**Q** 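Before we start, here is the structure in question, set down as C-alpha cells.
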Amino acid sequence: MTPSTAPLLTDSAPPHEQKTSPWLIAAALAALTIVAYWPTFSNGFVNYDDDGYVTQNHAVQQGLSVQNFAWAFRATVMANWHPLAWISHMADVQFFGSHAAGHHATSLFLHVVNVVLLFFLIRAATGFPWRSALISALFAVHPFNVECVAWISERKTLLCTLFLFLSLFAYGWYVRKPGVRRYLLVALLFALGLASKPMIITLPFALLLLDFWPLNRLPVPCDPESRKVFLANLWPLILEKLPLVILCAASAYITVFAQGHSYAVASVVDMPLRARVSNALWSYLVYLGKSIWPVHLAVFYPHPEGSLPLWKPVLATASLLAFTGYCLRRLQDRYLITGWLWFIGSLVPVIGFVQVGRQAMADRYAYTPFLGIFVIVVWLLAERFPQGPQRSQVLAVLAGAFLVFFAGLTWRQTTYWKDGFSLFGHALKVVPVNYMAENNLGSAYADIGDTETAYQHFLRATQERPRYGLARYNLGNMLRRLNRPTEAAAEYQIAVQYAQDPAQLANAFHNLGVLLIEENKLADARAALTEALNAQPNKQNSYVARGLAEFRLGDYSAAEADFATGASLAADGPAVYWLGRCREARGNINGAIEAYRHALLLQPELQEAKEHLDAALSGGLSFIAKPN
C-alpha cells in the first residue's frame, strides 16, 4: 500500500474483508439510517427550545442576511455561543420557511453524513471495513441518538460532530506527513466545531488517545524500557496539541460568559457540589447501561434534589475503577483503554460537575461518547468470539439482530417527537415524577386553550419542584385565566423570586404589573413594570403597560415618554394610540392628530384611534384625559 492509502493501524483486515466496495457499505448505512428515522418527516416543532432557536427567534425568522450573520457571531442567547448553528437554522427558514419537515430533513441529512464519515474514518484508521461498518451502524440507529436527530434545536450537536469527524480526518492526514498547513486545517475544522457547539472542546485530549490507538504513535508501556520510550514520545505529542488547547481556552471563556449571562449555570446553593458529584458518577453508570439496553428514554431526567443515596455513587465509582483497572491491565489491547477513556472524557463537559440546566443526564450528550463503547464491544466480539466453522455467520446474525432491535426502538422513539403532547406525555410515562414534563405538557394544553388541564399540570410541576420559577409563572397565567387574581399575583411573586434568567424575571414582573393595573393598584403596577424593564431594558410591552399605569395616575409626561419608547421598539398601533392620548391630555392637538393617523396606518381597525382622530379634526376634543 502507498502511504496515502494504507491504514494507520499496524495490523490490517483479513483479505476477505477487503472485497466489498466501501461505497456500497456506505450506501447501505445511509439507507438504514433514513429508514430508521423516517417518522421524523411527520414531526413538527416541539415546545422545548424550538421557539427560542427557530419559531419565535426574530433573527432566525428573517432568514439569511449580512445583518443576521453578524448577529449570529455576537449572540449568546439560549446560553451558548454557536454561530454556525444559528446560520444553519437561518438557512432552513430561508429555504423551508415554517415547514418543520424541511428542518427535520436537514437534521437527518447531517446525521447520515456523520454516519458515512464515521465509517470511512474508522476504516481508514484501522483497515477493518466490517468492524467499521458495524460501529457506524450502531451509531446510526442507536435510540439514544434520536434526541439529536429528531429535535430541531439539537442541530448544534450534529454540526459539531460533523466538524469533529472532519477534524479527525485532517489529523490523520497531518500524522502521515506533519506540516504547518496540515496542522492549520486541523485547527480550522476544530474552530468550526467549537463555533457549532463547545462540546468538541475535549478534542485535543481525544487526539492523544488516538495517538495511542489506532495511530500507534506511542508504544505500549508494559516494561521499564517501553515506559521510558512512552514518556519520551508523549511530551512532544502533548506540545503538539497546545495550539488546540488555546482554542479550547477561548471557547471555554466564551461559553462561561454566555451561560453565566443567561443564568444557566446552577449555583452551589441551588445544587451543592456533593449532589453534583454523586449524580455525575451515577450518570456514568446509567449511560453505560443504556448503551446496551436503550429503553425507557425520556426528553428530560430531573436532577435529584439533594444527594443520591450513598450506595449509588459508591457502586458507580467501584464499577468505573474496576473497568479502568481491567483496561490498564490489558494495554496490549489498545482499543480497550482508548474506547473507555473516549467515553469517560467526552462526557466530562456535560456530566454535571459544572451543572448547566436542570437535567440529571440527557440522551443527546451521548451522541459521540458512545463511540468509545461501540469500539470496545465490536473489537472484543471480533477478537474474542470463539472460533468455529460458522463464526462469521453467527457474528453476522448477532449484529443484524441488534441492529434490527435498535432500529425498531429508534423508529418508535422518533414518533414521540411529533409534538409537545407526544413528547412530554411519553416522558411522564417513563419518569412519572417529572416537573419539567409537567410544565411543558401544561404549556401545550395552554396553547390550545385547555386552561383547566394546563392548570393541573402546572400545579403538579410546582408541587414537585416548588423553586421552579417558570412553572410558577405559568401557573400564575392559568390562575389569571381562571379569574383568580389574588392567587395569580402570589404565583408571579414566587416566580420573581426563583426566576432562572432575565427573560423569566422580566415576564413575571410584567404579568404581575398588568394584573395590578387590572386591579387598579397603579403605583404598585408601575413599580413592578419598572422592575421588568430593569431586567430586560428593551421589553416593548412593558413600556406600553407602564405608560398605561402612569397615564391613569395622571403622570402624562412620563406616560408619553414610555409610549414613545414602546412605539420606537416595535410597530405597535395601541402604543401609538396611547401616545396620542398623552398628547391630547397635555393639549398638543397637532401631535395627537399625527399619532392617531399613524396608529390607524398600523392598525386600521383600531376604533378608539378613529374616534379620537375624528373628534380632534372636528374640534371636539375636551383635552381632559379619560382613561378607558
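Values reported hereafter were calculated over all heavy atoms of this structure, with side chains retained and with hydrogens, waters and symmetry mates removed. Please read these numbers as outputs of a predicted model, since none were measured by experiment.
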**Q** For the atom pair SG (Cys248) and CG (Leu194), what is the distance rounded to the nearest 0.5 Å?
**A** 6.5 Å

**Q** Backbone N or O of Leu247 within a donor-acceptor pair of the Ser251 side chain at under 3.5 Å?
**A** no

**Q** Answer yes or no: are there more than 12 heavy-atom neighbours, outside Arg484 itself, under 6.0 Å from its atom CZ?
**A** yes

**Q** Could you walk me through whether Gln62 and Gln67 pass the side chain to side chain contact (heavy atoms under 4.5 Å, CB included) test, one step at a time?
**A** CA-CA 10 Å; Gln62 290 179 328; Gln67 292 84 353; over 6 Å; no

**Q** Which atoms form the tightest heavy-atom contact between Val299 and Arg364, and what is the distance?
**A** O-NH1, 4.4 Å

**Q** What is the minimum heavy-atom distance between Ala150 and His104, and which atoms define it?
**A** O-CE1, 3.1 Å

**Q** Examine distances only and state if a side-chain atom of His89 and a backbone atom of Ser153 form a donor-acceptor pair shorter than 3.5 Å.
**A** no

**Q** Are Leu600 and Tyr577 close enough, and set up right, to give a side chain to side chain contact (heavy atoms under 4.5 Å, CB included), and what steps lead you there?
**A** CA-CA 8 Å; Leu600 288 167; Tyr577 160 71; over 6 Å; no

**Q** Can you check whether Tyr301's main-chain N or O pairs, donor with acceptor, with Gln359's side chain at less than 3.5 Å?
**A** no

**Q** Side chains of Trp417 and Thr40: does their closest heavy-atom pair fall under 4.5 Å?
**A** no

**Q** Can you check whether Leu108 reaches Thr33 side chain to side chain, under 4.5 Å on heavy atoms?
**A** yes

**Q** Is it true that Phe163 and Phe190 have ring centroids separated by less than 6.0 Å?
**A** no

**Q** How many angstroms lie between atom CG of Leu110 and atom OG of Ser88, to the nearest 0.5 angstrom?
**A** 6.5 Å

**Q** So, taking the atom named OH in Tyr543 and the one named NZ in Lys539, what distance separates them when rounded to the nearest 0.5 Å?
**A** 12.0 Å

**Q** Keeping the roles fixed (side chain from Asp50, backbone from Val46), state whether a donor-acceptor pair exists under 3.5 Å.
**A** yes

**Q** Measure from the side-chain N and O atoms of Asp572 to the backbone N and O of Ala567, and report whether any donor-acceptor pair falls under 3.5 Å.
**A** no

**Q** As an exercise, state the distance from CZ of Phe73 to CG of Asn68, rounded to the nearest 0.5 Å.
**A** 12.5 Å

**Q** Closest approach of Gly573 and Ala599, non-hydrogen atoms and distance?
**A** O-CB, 3.6 Å

**Q** Looking at every non-hydrogen atom in both residues, tell me the closest pair between Thr414 and Ala36 and how far apart they are.
**A** OG1-O, 4.2 Å

**Q** Where is the tightest heavy-atom contact between Ile152 and Ala100, given as atom of each residue plus distance?
**A** CD1-O, 4.3 Å

**Q** For atom CZ of Phe41, is the number of surrounding heavy atoms from other residues, nucleotides or ligands below 6.0 Å larger than 12?
**A** yes

**Q** Is any side-chain heavy atom of Asp92 closer than 4.5 Å to a side-chain heavy atom of Arg155?
**A** yes

**Q** Between Gln497 and Gln493, does a side-chain hydrogen bond (donor to acceptor under 3.5 Å, both in side chains) hold up when you go through it step by step?
**A** CA-CA 6 Å; Gln497 185 179 355; Gln493 288 165 348; over 6 Å; no

**Q** Does any N or O in the side chain of Asp51 come within less than 3.5 Å of the main-chain N or O of Gln56, such that one atom is a donor and the other an acceptor?
**A** no

**Q** Would you call the rings of Phe421 and Tyr445 parallel, tilted or perpendicular if under 30° counts as parallel and over 60° as perpendicular?
**A** perpendicular

**Q** Just wondering, do Tyr37 and Val146 contact through their side chains at under 4.5 Å, heavy atoms?
**A** yes

**Q** Which word best sums up how the rings of Trp151 and Tyr48 line up, parallel for under 30°, tilted for 30 to 60°, or perpendicular for over 60°?
**A** parallel

**Q** After noting the C-alpha distance and the side-chain angles of His598 and Glu594, does the key distance pass the side-chain hydrogen bond (donor to acceptor under 3.5 Å, both in side chains) rule?
**A** CA-CA 6 Å; His598 186 198; Glu594 178 188 2; over 6 Å; no

**Q** Carefully, step by step, assess Leu297 and Val430 under the rule side chain to side chain contact (heavy atoms under 4.5 Å, CB included).
**A** CA-CA 7 Å; Leu297 307 182; Val430 174; over 6 Å; no

**Q** Does any non-hydrogen side-chain atom of Met199 lie less than 4.5 Å from one of Thr157?
**A** no

**Q** Between the side chain of Arg481 and the main-chain N/O of Thr451, is any donor-acceptor distance below 3.5 Å?
**A** no

**Q** Parallel, tilted or perpendicular: which describes the rings of His103 and Phe45, with under 30° parallel and over 60° perpendicular?
**A** perpendicular

**Q** Is it true that Glu550 and Arg546 make a salt bridge, defined as a side-chain N closer than 4.0 Å to a carboxylate O?
**A** yes

**Q** When the ring planes of Tyr435 and Phe300 are compared, do they come out parallel, tilted or perpendicular, using 30° and 60° as the limits?
**A** perpendicular

**Q** Using a 3.5 Å distance criterion without hydrogens, assess whether the side chain of Ser196 forms a donor-acceptor pair with backbone atoms of Ala85.
**A** no

**Q** Let me know which of Glu519, Glu491, Glu518 forms a salt bridge (charged side-chain N to carboxylate O under 4.0 Å, His left out) with Arg480.
**A** Glu518

**Q** Under a 3.5 Å distance rule, please check whether Asn440 uses its side chain to pair with a backbone N or O of Gly420 as donor and acceptor.
**A** no

**Q** To the closest 0.5 Å, what do you measure between OG1 (Thr255) and CH2 (Trp81)?
**A** 8.5 Å

**Q** Side-chain contact test, heavy atoms from C-beta onward, threshold under 4.5 Å: evaluate it for Trp71 versus Met90 and give yes or no.
**A** yes

**Q** Applying side chain to side chain contact (heavy atoms under 4.5 Å, CB included) to Val496 and Leu505, what does each step give before you reach the verdict?
**A** CA-CA 5 Å; Val496 163; Leu505 183 63; 3.8 Å; yes

**Q** Of the non-hydrogen atoms in Glu438 and Pro432, which two are nearest, and what is the gap between them?
**A** OE2-O, 4.4 Å

**Q** Is there side-chain contact between Asn43 and Asp419, with heavy atoms separated by less than 4.5 Å?
**A** no

**Q** I'd like to know if the side chain of Arg472 and the backbone of Arg467 have a donor-acceptor N/O pair within less than 3.5 Å.
**A** no

**Q** Give, for atom OG1 of Thr161 and atom CG of Leu166, the distance between the pair rounded to the nearest 0.5 Å.
**A** 10.5 Å

**Q** Looking at side-chain heavy atoms only, is the closest gap between Asn477 and Phe458 below 4.5 Å?
**A** no

**Q** Pick from Asn439, Asn511, Asn507: which one makes a side-chain hydrogen bond (donor to acceptor under 3.5 Å, both in side chains) with Tyr473?
**A** Asn511

**Q** Starting from the C-alpha separation in whole Å, work towards a yes-or-no answer on salt bridge (Lys or Arg N to Asp or Glu O under 4.0 Å) for Glu154 and Lys156.
**A** CA-CA 5 Å; Glu154 271 305 298; Lys156 53 187 179 287; 3.1 Å; yes

